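Worth saying up front: this structure is predicted, and the values here are computed from it rather than measured. All values below were derived from every heavy atom in this structure, side-chain atoms included, with hydrogens, water molecules and symmetry-related copies excluded. Throughout, protein chains are lettered first and strands after them, A, B, ... in sequence-line order, and every chain is numbered starting at 1.
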2 protein chains.
Amino acid sequence: MLREWEFQIQLDEQSDKAIYLQIADAIIQDIHSGRLAPGNALPGSRNLAQRLKVNRNTIVEALNVLLIEGWLVSKERRGTFVASTFPDFKKDQPITVTYASIADSTSRPARLQIDDGHPNSKIAPINELARAYRQIFNQKARWRLMGYGNELGELEFRRTIVQMLNHQRGMRINEQHICITRGSQMAMYLTAQCLFSKGDYVIIENPGYKPAWDAFEQTGAKLLPASVDKDGLIIDDVLAYLKVHKNIKAIYVTPHRQYPTTVSLSLKRRLELIKLSNKYGFTIIEDDYDNEFHFGYRPILPLSSVVELNNYVYIGTMSKVVAPALRIGYLASSDATLIEKVGRLRKIIDVQGDSIMEQAVLQLVKDGTIKRHIKKATNHYKSKRDITAILLKKHLGNKASYLIPEGGLAFWIVPKEQVDWALIAEKLNINGFNMITPDNYSFDKTVNGMRLGYASLSEQELEECIHMLADLFTNI
Amino acid sequence: MLREWEFQIQLDEQSDKAIYLQIADAIIQDIHSGRLAPGNALPGSRNLAQRLKVNRNTIVEALNVLLIEGWLVSKERRGTFVASTFPDFKKDQPITVTYASIADSTSRPARLQIDDGHPNSKIAPINELARAYRQIFNQKARWRLMGYGNELGELEFRRTIVQMLNHQRGMRINEQHICITRGSQMAMYLTAQCLFSKGDYVIIENPGYKPAWDAFEQTGAKLLPASVDKDGLIIDDVLAYLKVHKNIKAIYVTPHRQYPTTVSLSLKRRLELIKLSNKYGFTIIEDDYDNEFHFGYRPILPLSSVVELNNYVYIGTMSKVVAPALRIGYLASSDATLIEKVGRLRKIIDVQGDSIMEQAVLQLVKDGTIKRHIKKATNHYKSKRDITAILLKKHLGNKASYLIPEGGLAFWIVPKEQVDWALIAEKLNINGFNMITPDNYSFDKTVNGMRLGYASLSEQELEECIHMLADLFTNI
C-alpha cells in the first residue's frame, strides 16, 4: 500500500488558465517530481473536490484531460491510477530563464550609422504603399490573395518586372526567365546554390561585396579575387585565373557602379569579359544593385543585355526604390532551366514570396507611383550628392581622393595616406557615428578606403561626420 | 579612307525614349551589326543634324552619351571615331521572346483543390490586419520601420512569441532561443542546414511530410523512415536504426497530430523518445504545425516543453492563424548557440524577415485579435469537422476508415480495399477536383490513404467530393 499523496496546489482564480487545467498541470508536476509514482492510485473525484474546495465537475474535467493525455489510466470499478509505463529520467535542472535584453548587449550605443548607401527611408513612398495595401485589403476577392502562391513570384508581377527590364534595360527575356526573391541577397544565395558545388571557383571583385561572397562560400566554392582600378575589374587578373583553374564557374561583378569603389566598368572591358565568358563557359553574375538612381544621361545598359553574352544571371532589387524593409529582388537569366532549378530550391527554402506585398508594389508600378518616386528621389539624391561633394571638397579636398559618382547613394573615399581604420572607427564611435571598416569590403585586408552612404544622413550629420573624418585623417 | 556610312533611323516622337537616346541606340546598333567598324570616323554633328532633321544639340547629346559609355572616342581637332578596341563576336541570333502564359501550361484546369489542411482564407482576419497595416503606416516614426532589421526577427515580436510559447505551451525559453522565419518551411531549411552534413542520418515518420524531407536531403543527409501506427511513431523502429547507424543526428516528428495520419503520439512513446534522444544525443525536431485549432480539452503540450529533453528544435507557424500568404513561422531551441548559427545563415539567405508584417501581426497579438480569431475560427472549424464527419459516415462509412480528429484541418481517409490512386486522382480531376496523391506522403510508395483538408471547401463542395470518392472507392 502506498502512503497518502498530499496534493498541494495554490489555485489562482484570476489566471488566464482555467481551474481544471491548473489542477491537471499540478498533478503532472507531481508525476514529474516523483511525488506521484507510476501505478499510484489517485483519490476519488469527490474526495479531491472536497480537499481543494472546488466543484466535483472541475475535478472530473481535470482527470479527463490527464486520461486523454495519457498521464493517468482508468481501471474499471477500481479507480484512476498514474500510468505505469513511463521510462525513468535522471532529474535534470530546469533551464534557468533570464530575460536579458539583446539590445543591451551590443558593444556601444551609436547615434548614427554611416551606411554603405542605404536609401533615405524618410522619402519612401509610404502613403502610396499604404494606399495600395488598403486597396488590396478592400478588394472583393481579397481572400484569394491570402492563399498559397507561386514559388517564382506572381505571374503578373513577374511580367511587369520583365517588361521593365526589356524596355528600360535592353534585356530580352520573358516570365520564364525570372524569379522574384526576398531582396537581392536571396537572389545571390539561390544563384550560388544552383550553380556551384564544393571545389568550384568563383572570381570576385576585390574590394567587393562580402554578403555575396558569403552566399558563394556557403556552397563550398572558393573565391578568386581580381583587382579593380579606375576602369573597374581588371580583365588581365581574370584571364590569369582562367589559365590556371579549370573549375571556374562564374564571375561576380558590379559593372554599373563597382561596389564599393563606385567606378564603372569600361565598355572595352565589358566586351572583353563577355568574350571570355563565352570562350571559357563561365556565367557572369551581374549585380545591378543601384541602377535606379542615376544622375547622368542614362544608366549604362547591363552586361546581361548584350546579345552576344551566352550565360548570365542578372540580379536586381526593388528594395532601394520602395523601402529597404520591403524585400523584393529578382534574378533573371537567359537560361530558363536554371530558373526552374531556382524555383525548386526556393520552394524548399520558403515556399513562395510575399504575394500581398508583390500585389501592392505591382499597383504602384502600374499607377506610375514608382516612376514618379524614382524621378523625385533621383532629384533629391542628386542635390544631396552635390552637397556632399561640396562638403568633401571643403574638408577633405587635400587629404583624400574620391570620385563624384554619377548615380547611386555613396562616395568611396580614399585617404592620401594610409590610416589606422580601426582607430578611426573607434574615435567615430565615441563621437556617435558607427562606420563600416574597410576590411568589410576586402578579401585580403589591404584596401584603404571607406564608403560614405550620403542618403540616410542629414546635411548637418554629413558635415559633422566629414569634418570629423578630416581631423582623423590628419591626426592619426 | 572608309566608304560613307549611311545612317538610317526612324525617329519616334511619341516614344517614351528621348530622341537623343533613340539616336544613340541606333548608332550602337550599327556598331554591333558591323555597319560601323572600330576606328571609323563619324560625320560631324552639324552634318548629322541636317541629315536627321533634328536640332544640333540633340546630336551633341547623343554623341555625349556614346562617349561616356565608351562606344565612341573623341580625338582633339580630328573628330569623333568608333572606339577601336572592341573584341570580335561571332554573331549570334537574338533570343526569340515568346510570351507563353505559364498558367496555360499546367496540365488540366481544376476548379477545386482538395488540400492537405489549409485554413479557410475567407475567415482570415483581413479587416483587422488591414487596420494594423494602416496604423503602422500612419504612425509618426513609421520610416524607422522601413529600414533594415534583425536577422532573428524584431526583438519585441520574438518576445511576444516566446511569451506565448512559455505560457500556453509550457516551454522555458527566452528571446535568444528563437528565430522568426518565413513560415515553417524556412524553419525546416535553416534547421537542416545548421544541424546536418553529408552522410548524416535523419529519422522521419513514414508516411510523413515531404517538404521537410526535401529540406533535410538538400544537405546531403539520408532519411531513415520509421513507421506510424494508431499511437503515432513506432519507437521500436527508431531503436532499431539507433543500433545500426552511428550518425543519426535528428528525428523529425509531428507528435501533436501526426502528418498526414492525424494520430497523436502516445504519452508513453513521447517519454520513450525523449529518453532515447538524451541517451543517443540526437535532436528531436518537433513540427507543431497545427497546434492552434484544437477542439478537445487542450492541445497536448509539445515534447519540447518536457524539462528532461536536452536537444530539441521546435517549429511552429502563424501562417495558419492569420493567412497562408503571411509567411511567419519560428524555430525555437534550448540551444542558443544553434540559434546564433541559424541567424548567421539566415542573414546570408535573405538578410531579415518582413518587419512591417511582424509589426502588424504583433499589433494583432497585443490587442487580442489573434486570440479572438483563434476562438472564432476554432468554433467554425469544429462545426465544419462535424459536418465532414457526418458526410463521411453517410457516404464512406462502410468503405473507408478514418479518425475524427480532435483538432487540425484535415481527415486521413483509408479505403478498406487497396485502390488505384492514380486513377482516382484522374477521375477527380476530370470532375473538377485536384487531389494530392498518397505517394506525396510516402517514403516508399506503399501508403494507402488520402488527406482531406476540409477547411477550405464549402459544405456543398465537401459533399460533392466525398460522394465522388464513395463512387470511386467502389468502382475502381
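- Atom-to-atom distance recorded for Ile348(B):CD1 and Lys210(A):NZ is 12.0 Å, nearest 0.5 angstrom.
- Ranked by heavy-atom pairs shorter than 4.5 Å toward chain A, the options Val65(B), Asp354(B), Leu190(B) are led by Val65(B).
- For chain A, the nearby part of Lys347(B) is the backbone; its heavy atoms alone come within less than 4.5 Å.
- Heavy atoms of Arg134(A) lying under 4.5 Å from chain B belong exclusively to its side chain.
- Judged as a side-chain hydrogen bond (donor to acceptor under 3.5 Å, both in side chains), and not counting sequence neighbours, the contacts of Thr317(A) are Ser319(A).
- Note that CD1 of Ile68(B) is 6.0 Å distant from OH of Tyr297(A), once rounded to the nearest 0.5 Å.
- Lys198(B) does not touch chain A: none of its heavy atoms, backbone or side chain, sits under 4.5 Å away.
- Heavy atoms closer than 4.5 Å to chain A are found nowhere in Ile123(B), neither backbone nor side chain.
- Taking Asp25(A), Thr181(A), Ile349(A), Ile300(A) one by one and counting their heavy-atom pairs under 4.5 Å with chain B, the maximum is reached by Ile349(A).
- Of the candidates Arg327(B), Arg182(B), Met188(B), Gln185(B), Asp350(A) forms a side-chain contact (heavy atoms from CB on, under 4.5 Å) with just one, namely Arg182(B).
- Expressed to the nearest 0.5 Å, how far OH of Tyr133(A) lies from CD1 of Ile356(B) amounts to 6.0 Å.
- Only the side chain of Met357(A) comes within contact range of chain B, with heavy atoms under 4.5 Å apart.
- Separation of atoms OG (Ser15(A)) and NE2 (His167(B)) is listed at 9.5 Å; rounding is to 0.5 Å.
- Residues satisfying the side-chain contact (heavy atoms from CB on, under 4.5 Å) criterion with Gln193(A), sequence neighbours excluded, are Tyr189(A), Gln218(A), Thr219(A), Leu345(A), Tyr189(B).
- The heavy-atom pair separating Arg298(A) from Ala24(B) by the smallest distance is NH2-CB, 4.4 Å.
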